[in-house]
Amino acid sequence: MNQHSPSHDAIVVTGLGCLGAYGIGGDALAAALLRGEALGAPVDRRAGYHRRNSSTTVATVAASAPDFVPWLSEDAGRRMSDLSQFAVVAARMALQHAGLAADGQLTGDRERTAVTIATAFGPGGFTEQLALQVLQKGGRFASPFLFTDCVANAAAGQIAIAVGARGPNNTICQREAGPLLALHQAVEDLRRGRADVCLCGAVDEMKPLSHAILDRFRAVARPHAEPGDDGELPRPFDLRRRGYRAGEGAAVLVLEREATARARGATILARVGPTVRAHDHSAGRMGTGQQPEALAEHLRERLGDRLDRVDLVVSGASGARAADAYEAALLHAALPHHPWIVAPKAVTGEFGGGTLAAALLALGGAGIAAPRACDRPDPALGVTLHDPQRDGPLRATCAMLTAHAAGGASAITLLERP
Amino acid sequence: MRDAVLVTGLGAVSSLGPDAGALWQRALRGERGAAALDLFDPARHRTDLAAQVTASDWPAPFRRMARADRFGCTATAEATAGIDPALLRTRRCGVFFGSSTGALFEGERFLQQLLQQHEGDLHTIVGLQNDGPGNAVAHAFGVGGPVMTFSTACTSANVAIGAALDALQSGEVDVALAGGADELCEITYAGFNSLRAIDKAPTRPFRRDRQGLLLGEGSGVLLLETAAHAAARGAAAIAELVSAGRSCDAQHVSAPDPTGAGAAAAIRTALREAGLAADDVTFVNAHGTGTPHNDTAEAAALRVVFGERTARLPVTSTKSMVGHLLGAAGGVEAVLTALSIRDRLLPPTAGEQPADPELGLDVVLHGARALPEHNVGLSTNLAFGGNNAVILLRSLR
């Protein structure tokens with residue numbers, strides 16, 4: 001086959017790099033998922049952006065005291081936003097895992113390597129610093145350094161520069177649905193012969209200003225606890241859920257056509273199935289849709305009996321009251337055979353690609369404990385998360401990943417064990 | 001064989017007017033939208049010129065939206081004026097939008113409120129994230145299919161239009177609303193000034209004395225349909241969207257590759273996917289920002305692809321009139337490219353000076369240029385992050 005020709009080859013994952021509040025790498029994430037405890041640290045409130053009764057906890061990368069140096073020199077890192085640092089570290093890790101890197105650089109064809117990254121907020125920290133310079137001192141005090149790395153696509157651009165990827169370079173901003181939409185875009189570019197390798201994933205940083213704004217929109221769980229209850233814990237599908245825990249981090253996958261991967265003897269971690277994209281316009285601009293059954297019907301139309309093969313749902317449920325109810329209704333309508341369900345955001349928090357990385361680990365056989373904070377399933381939702389002690393270990397062959405963004409955009413992707 | 005993808009509607013909001021008609025007529029005359037800005041206090045900045053949208057008579061449903069959302073929805077309303085709204089309210093219609101600022105101007109005001117009063121009006125920042133304009137369009141028009149926002153700085157809208165083309169060609173949707181919307185704000189204005197990238201005088205793309213860009217705002221939206229869908233409803237088409245191409249310089253976060261190799265790769269990808277040769281291209285609506293580095297790199301890219309013919313290939317920079325709309329630039333330029341194909345006229349690059357001979361380009365100056373009967377138009381955008389994205393449109397066959 002001409003390498004530039006469209007292909008019907010399956011697209012597979014051959015590498016994973018990730019970091020978050022759990023630390024650096026797939027092993028660190030797997031260990032956190034096995035513990036089942038929500039990750040978090042006190043949010044920095046010194047800037048005064050937070051209300052008095054606001055959320056106090058955030059799942060930051062810094063909480064895990066990560067060492068980036070094996071992946072990114074201090075000299076290079078200090079020229080980047082946190083967002084770009086996270087992205088470059090995860091991308092280099094993913095390439096290394098896939099056997100496609102030497103000294104942090106691509107060993108494959110640079111012109112044929114694409115990058116597709118999703119970010120909900122972009123480099124919020126640099127943008128805030130720049131905004132403060134401009135608003136408090138005047139436009140003449142703006143830093144060119146901050147400006148050039150405060151565009152949303154800075155992270156994808158920095159990945160390209162760091163590893164030498166000169167193929168298509170995409171940045172997708174669709175809030176919670178971004179990571180799966182990025183996966184769709186990467187598959188499209190590979191299928192259409194625009195690239196042979198795609199670094200694809202999600203990255204976000206969660207600075208105090210972003211956190212305070214999410215809190216004001218009542219997206220994150222607040223400490224209005226009942227006696228003896230930590231109200232801030234993220235509790236997907238639980239009776240006591242009050243919102244998600246905002247998080248940060250990065251997850252980058254290496255995607256290739258299966259024939260290419262097999263030809264070079266790569267280890268195939270998963271096969272990427274179709275992504276179904278839709279919008280529920282009954283959602284408010286910041287809200288959740290009202291028509292999950294219609295989305296289920298659409299899923300059935302697009303995926304047919306492939307839905308029947310789904311034996312694991314890696315849910316994007318995060319502890320949000322309305323969004324988890326929407327997700328539960330969707331799962332009941334689309335998957336009447338009740339596959340196992342896991343909700344990694346109970347551990348990693350919302351944003352930063354944790355769910356994407358967790359799905360890959362789960363397909364590979366990693367254990368995911370029932371989140372400790374989710375021990376009272378909401379009977380109105382009727383969703384019980386997989387508990388390895390009760391249900392035995394996960395042995396999934398076909399995982400369905402779900403993501404519903406505030407505002408109504410949804411993306412649902414199938415990932416299969418090779 | 002894939003069904004062709006047709007442009008069946010256009011909409012634009014820019015400093016040249018609140019619709020595509022005003023934009024087109026004024027662009028053909030080479031009129032500039034540059035003026036002293038009053039959206040915020042220019043005295044706080046190094047320069048005071050911008051291509052600000054000054055229209056004030058907005059459709060009622062969009063009046064309370066953030067500026068970028070309002071621009072995007074108004075342009076979409078114009079683009080979709082000829083289609084049954086029910087055809088948008090299905091899973092078979094998608095929104096593919098580009099934006100690099102979202103509602104950042106409103107975000108700045110919110111941050112000021114927060115700093116001064118510890119409270120801010122949340123309603124003003126529902127579109128703060130870059131997906132704001134695309135979401136606003138999806139909600140306003142009840143779209144049920146894919147909704148996807150690309151934020152690749154100045155190439156955002158071209159990337160979005162390319163994604164819409166993919167969705168239409170794959171059969172996922174029959175109809176797509178594709179383009180972009182962005183608004184002026186102090187952060188980007190100050191940021192480009194910090195790079196000394198804004199010209200204190202009206203911008204002079206492709207001129208020897210060019211000194212920078214003119215920042216603008218607005219939106220450009222294409223209504224795209226498969227040929228079968230357009231035929232079924234008896235829609236008249238304006239042009240065919242043939243292909244898109246993307247690449248990355250992977251060299252510098254803000255400066256383009258001076259050899260033009262990355263941009264040339266994007267153009268070649270678009271030609272390859274279209275099944276066209278470089279000689280088939282009849283004109284270029286260039287990125288043409290007017291910064292010394294951009295115009296040099298872009299000219300180099302065109303010479304790499306078009307060789308000796310570059311000197312005879314008509315090139316224009318419509319940014320000389322509407323300014324640089326950042327994430328929306330590709331949207332407005334796609335509208336202008338489609339209109340060039342429809343009317344067989346290429347607007348001039350505004351300004352009186354001759355073109356820089358060192359660039360080796362046939363820059364359209366001093367009035368619109370007549371185009372041949374059948375055209376293939378190339379619209380290019382280059383961006384921070386070394387991002388390059390182009391689209392190709394052609395005359396109806």
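Letters A, B, ... are given to chains in the order of the sequence lines, protein chains preceding strands, and every chain is numbered from 1.
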Undergrad: Heavy-atom distances under 4.5 Å only: say whether B/E119 touches chain A with side chain, backbone, both or neither.
TA: both
Undergrad: Tell me, side chain or backbone of B/A138 under 4.5 Å from chain A's heavy atoms, or both, or neither?
TA: both
Undergrad: Between A/A47, A/A154, A/G284, which shows the greatest number of heavy-atom pairs under 4.5 Å with chain B?
TA: A/G284
Undergrad: Measure the spacing between CD1 of B/I125 and CZ of A/R285 and express it to the nearest 0.5 Å.
TA: 12.0 Å
Undergrad: With a 4.5 Å cut-off on heavy-atom pairs, point out which of B/N130, B/T188, B/V159, B/V143 contacts chain A the most.
TA: B/V143
Undergrad: Below 4.5 Å, heavy-atom pairs only: which of A/R140, A/E188, A/H184 has the largest tally toward chain B?
TA: A/R140
Undergrad: Taking side chain as everything from C-beta outward and backbone as N, CA, C, O, which of these in B/A43 sits under 4.5 Å from a heavy atom of chain A? Side chain, backbone, both or neither.
TA: backbone
Undergrad: Heavy-atom distance under 4.5 Å to chain B: side chain of A/A131, backbone, both or neither?
TA: both
Undergrad: Give, as side chain, backbone, both or neither, the part of A/A283 having an atom under 4.5 angstrom from any heavy atom of chain B.
TA: both
Undergrad: Could you tell me which portion of A/V151 (side chain, backbone, both or neither) has an atom closer than 4.5 angstrom to a non-hydrogen atom of chain B?
TA: side chain
Undergrad: Shorter than 4.5 Å, heavy atoms on both sides: which option in B/H118, B/Q251, B/E186, B/E172 has the most such pairs with chain A?
TA: B/E172
Undergrad: Quick one: closest heavy-atom pair of B/R91 and A/A278, and the distance?
TA: NH1-CB, 3.4 Å
Undergrad: Which one wins on heavy-atom pair count under 4.5 Å against chain A: B/S247, B/G134, B/G385?
TA: B/S247
Undergrad: What part of A/R110 is in contact with chain B, defined as an atom under 4.5 angstrom from a non-hydrogen atom: side chain, backbone, both or neither?
TA: neither
Undergrad: Please test A/M80 against B/V253 for side chain to side chain contact (heavy atoms under 4.5 Å, CB included), starting from the C-alpha separation and ending with a verdict.
TA: CA-CA 10 Å; A/M80 297 177 189; B/V253 287; over 6 Å; no
Undergrad: May I ask you to decide if B/T149's main-chain N or O and A/Q174's side chain share a donor-acceptor pair within less than 3.5 Å?
TA: yes
Undergrad: Would you say the side-chain atoms of B/N387 pair up with the backbone N or O of A/N169, donor to acceptor, closer than 3.5 Å?
TA: yes
Undergrad: What option among A/A406, A/G407, A/G408, A/A409 has the most heavy-atom pairs under 4.5 Å with chain B?
TA: A/G407
Undergrad: Do you know which of A/V276, A/L130, A/L181 has the most heavy-atom pairs with chain B at a distance under 4.5 angstrom?
TA: A/L181
Undergrad: Using every non-hydrogen atom in the two residues, find where A/A160 and B/A250 come nearest and quote the distance to one decimal.
TA: O-CB, 3.4 Å
Undergrad: Please rank A/E128, A/H50, A/R51 by heavy-atom pairs under 4.5 Å with chain B and give me the top one.
TA: A/R51
Undergrad: Quick check on A/T119 against chain B: is it the side chain, the backbone, both or neither that has a heavy atom closer than 4.5 Å?
TA: neither
Undergrad: Of all heavy-atom pairs between A/T148 and B/F384, which one has the smallest distance, and what is that distance?
TA: CA-CE2, 4.0 Å
Undergrad: Salt bridge check: are B/D257 and A/R166 linked by an N-O gap of less than 4.0 Å?
TA: no
Undergrad: Measuring from atom CD1 of A/I161 to atom SG of B/C248, what distance do you get when rounded to the nearest 0.5 angstrom?
TA: 6.5 Å
Undergrad: On a heavy-atom basis, which atom in A/C173 and which in B/D131 lie closest, and how many Å separate them?
TA: O-CB, 3.1 Å
Undergrad: What is the distance from atom CD1 of A/I172 to atom CZ of B/F150, rounded to the nearest 0.5 Å?
TA: 4.5 Å
Undergrad: Quick check on B/F97 against chain A: is it the side chain, the backbone, both or neither that has a heavy atom closer than 4.5 Å?
TA: neither
Undergrad: Heavy atoms only, distances under 4.5 angstrom: which of A/A411, A/G167, A/G124 has the most pairs with chain B? Name it, please.
TA: A/G167
Undergrad: Locate the shortest heavy-atom distance separating B/V126 from A/R175; write the atom from each residue and the value.
TA: O-NH2, 3.5 Å
Undergrad: CZ/A/R216 to CG/B/L122 distance, rounded to the nearest 0.5 angstrom?
TA: 7.0 Å
Undergrad: Go through the atoms of A/A120 and report whether side chain, backbone, both or neither lie under 4.5 Å from a heavy atom of chain B.
TA: both
Undergrad: Got a second to check how far B/S194's OG is from A/L146's CG, nearest 0.5 Å?
TA: 8.5 Å
Undergrad: Of the backbone (N, CA, C, O) and the side chain (C-beta and beyond), which part of B/S151 lies under 4.5 Å from a heavy atom of chain A, both, or neither?
TA: both
Undergrad: Rounded to the nearest 0.5 Å, what separates atom CZ in A/R192 from atom OG in B/S170?
TA: 6.0 Å
Undergrad: Please check if atom CZ in A/R218 has more than 12 non-hydrogen atoms from other residues, nucleotides or ligands closer than 6.0 Å.
TA: no
Undergrad: What residue, out of B/H45, B/R246, B/R89, has the most heavy-atom pairs lying under 4.5 Å from chain A?
TA: B/R246
Undergrad: Picking from B/D41, B/T269, B/L104, B/N135, which has the most non-hydrogen pairs under 4.5 angstrom with chain A?
TA: B/N135
Undergrad: Looking only at heavy atoms, which of residues 108-116 of chain B get nearer than 4.5 Å to chain A?
TA: B/E108, B/R109, B/F110, B/L111, B/Q112, B/L114, B/L115
Undergrad: Of the listed residues (B/R196, B/H252, B/M148), which shares the most heavy-atom pairs with chain A below a 4.5 Å separation?
TA: B/M148
Undergrad: How about residues 287-301 of chain A versus chain B: which residues have heavy atoms under 4.5 Å apart?
TA: A/A294, A/L295, A/H298
